[in-house]
Amino acid sequence: QVQLVESGGDLVQPGGFLRLSCAASESIRSIYAMGWYRQAPGKQREFVASTITGGRTSYADSVKARFTIYKDNAKNTLFLQMNSLTSEDTAVYYCNARSLVPKGEFWGRGTQVTVSS
């Protein structure tokens with residue numbers, strides 16, 4: 001199975017920035033879609049950003065122009081660059097991957113992002 005390990009979460013001030021990483025145990029060339037989701041206390045998990053083979057990206061309206069999703073195929077790693085952070089970005093951020101070989105959908109355990117002054 002595909003294993004995903006997130007890192008990079010931290011406590012930052014409003015207006016600050018972070019870069020989250022998601023390291024995959026398998027070649028991400030075999031993973032046709034990867035993305036980031038987040039869940040704040042008392043709320044449902046929500047979509048943040050995604051990318052598919054070929055380079056197409058999608059973003060939630062709340063993070064457009066502030067977040068950027070990208071991959072380093074050589075390192076089998078997915079990134080999320082987060083700029084101009086606000087308190088509403090506070091959440092546990094989860095990495096997601098969908099693979100054809102091996103077939104399945106996989107999740108990381110999450111990394112905490114806290115935006116507070």
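The shortest distance between side-chain heavy atoms of V113 and D10 does not fall below 4.5 Å. When side chains are defined from C-beta on, V48 counts as touching L80, because their heavy atoms get closer than 4.5 Å.
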Can you list, pair by pair, the side-chain donor-acceptor contacts under 3.5 Å of residues 18-25, counting residues two or more places apart and other chains?
residue	atom	partner	partner atom	Å
R19	NH1	Y70	OH	3.3
S25	OG	Q3	N	2.8

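When all heavy atoms of S84 and D89 are compared, the closest pair comes out as O-OD2, 4.3 Å. Taking each heavy atom of S116 and P14 in turn, the nearest pair found is C-CD, 3.6 Å. The minimum heavy-atom distance linking I31 with A97 is given by the pair CG2-CB, 3.7 Å.
With T77 contributing its side chain and K75 its backbone, the two residues share a donor-acceptor pair below 3.5 Å. The closest donor-acceptor contact from the side chain of T90 to the backbone of V115 lies under 3.5 Å. Between the side chain of E6 and the backbone N or O of G110 there is at least one donor-acceptor pair closer than 3.5 Å.
For the residue pair E26 and N76, no side-chain donor N or O sits within less than 3.5 Å of a side-chain acceptor on the partner.
With hydrophobic clusters built from ILVMFWY side chains whose heavy atoms lie under 4.5 angstrom apart, V2 does not share a cluster with W107. A continuous path of Ile, Leu, Val, Met, Phe, Trp and Tyr side chains, each step under 4.5 Å between heavy atoms, connects L4 with I69, placing both in one hydrophobic cluster.
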**Asked** Which is it for M82 and R66 under the side-chain contact (heavy atoms from CB on, under 4.5 Å) test, yes or no, and what are the steps along the way?
**Response** CA-CA 6 Å; M82 310 164 64; R66 298 191 298 119; over 6 Å; no
**Message:** Checking V63 against W36 for the side-chain contact (heavy atoms from CB on, under 4.5 Å) test, could you report, in this order, the C-alpha distance in whole Å, the side-chain angles of both residues, the deciding distance, and whether it holds?
**Reply:** CA-CA 12 Å; V63 306; W36 291 95; over 6 Å; no
**Request:** Carefully, step by step, assess F79 and D72 under the rule side-chain contact (heavy atoms from CB on, under 4.5 Å).
**Result:** CA-CA 8 Å; F79 298 95; D72 184 335; 3.8 Å; yes
**Prompt:** Step by step, would you call T111 with S7 a side-chain contact (heavy atoms from CB on, under 4.5 Å)?
**Reply:** CA-CA 6 Å; T111 184; S7 62; 5.6 Å; no
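Ring centroid separation for the pair F47 and Y37 comes in under the 6.0 Å cut-off.
Rounding to the nearest 0.5 Å gives a distance of 5.5 Å between OG of S99 and CZ of F106. We find the CZ-CD1 distance between R98 and I52 to be 11.0 Å, quoted to the nearest 0.5 Å.
Residues in residues 41-60 take part in these side chain to side chain donor-acceptor pair (under 3.5 Å) pairs, two or more places apart or across chains: R38-E46.
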